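All remarks here apply to the structure that follows.
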Amino acid sequence: MGKIKKIGVMTSGGDSPGMNAAIRSVVRTCAFYKIECAGIYRGYQGMIEGDFIELNARSVKGIINKGGTFLKSARSKEFMTKEGRQKAYDQLKKANIDAFVVIGGDGSFTGALIFNQEFGFPVMGIPGTIDNDIEGTSHTLGYDTTLNTVVDVIDKIRDTASSHNRLFFVEVMGRDVGHIALNVGVGAGAEEILIPEEDLGLERLLESLRRSKQSGKSSSIVIVAEGDKTGKNVFELKDYVNEHLPEYEVRVSVLGHMQRGGSPSCFDRVLASRMGVSAVESLIDGKSNLMVGLISDKIAVTPLEKAIKGQSKINKELIRVSDIMSV
Ligand code: ATP
């Protein structure tokens, strides 16, 4: 592999707060090492179309605090085909780009790995997804911001819930993993938390709500991850509780896309800055096919293959803590 003279950077898949801060870090680390940097718009689709922009240290001013991604994110079906990837390779070569950093989730990493295997093109991944569902890092970019955003919203829901003695089912993101639900549940003092990893049973939910009422609680919040294992969505849960506990006035709140937005937390800005430096330095050192992550508060790299195949596990201690707190 020759010396790296120009690095491309892009965001791909679902957006997350902190992506802009990571782009900024990649661009400025390139500037620091006197390497050229190109922004690739709209993920792999922009790569196929050669939608690039030359970036220097000043091009990324004023974005560390901005949510979303100024390079835009996209999903590209064409990149899933060999012909699409060949077009992308030709565009990168034409623009003299020698390596790229992709900020995204496991799908984006899969694309990068296949691309490397086909063309020997150096790639590095930065995990940018709010779900925290990637192995090889305790925190993905955007996860901390999302926790803070959701806790803040649940606090507000609590205000109205307790004014009317209501029970709220609040749906949060998490199709396959319950990190968000578990953490915001404990952080916002929810009475129950329903996650994809464990089915605690509907009978237990009713029992817990009965106890809450008897102990004199003025409101109840139940956090439900999108993919919770009871198999019932928030509206079905509402009907179920209405049927079995008519004494409760039940409301539902589905938080949706607002969970992805907002200015990144200080934690995510720092994480993004550290990850960008490590991604560029790894490429300069001749490394490839790695994801930069945070392990025991230290920046560490994990093979992309492992990050893709692995599963991030929930902290089961939080289930116990939540049970004790909702006494
Ligand atoms: P999120 O976690 O937010 O879903 P993601 O990176 O996993 O983010 P995906 O939509 O799965 O999001 O993947 C983003 C893009 O990566 C796809 O649109 C596609 O262009 C590329 N990609 C995903 N899987 C493959 C694959 N098997 N081969 C080639 N490219 C792929």
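Ligands are counted one by one from 1 in listed order, and the atoms in each one are counted from 1 as well. Note that this is a predicted model, so its numbers are computed, not measured. Counting from 1, the numbers follow the sequence of the chain as shown.
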Using residues 92-101 as the side-chain source, report each donor-acceptor pair under 3.5 Å to any protein atom, sequence neighbours left out, with the distance given to one decimal.
residue	atom	partner	partner atom	Å
D98	OD2	K5	N	2.7
D98	OD2	K6	N	2.9

Ring pair (Phe, Tyr, Trp, His ring centres under 6.0 Å) pairs, two or more places apart, involving residues 259-310: H139-F267
R210 CZ: over 12 foreign heavy atoms closer than 6.0 Å: yes
Shell of residues surrounding ligand 1, defined by a 4.0 angstrom heavy-atom cut-off that is strict: S12, G13, G14, Y44, R75, S76, F79, M80, R85, G105, D106, G107, S108, T110, G111, I114, T129
Please report, to 0.1 Å, the donor-acceptor pairs under 3.5 Å made by any side chain of residues 314-322, with sequence neighbours excluded.
residue	atom	partner	partner atom	Å
N315	OD1	E317	N	3.1
K316	NZ	E198	OE2	3.1

Y33 and E281: side chain donor to acceptor below 3.5 Å: yes
Pair D268-Y143, side-chain donor/acceptor within less than 3.5 Å: no
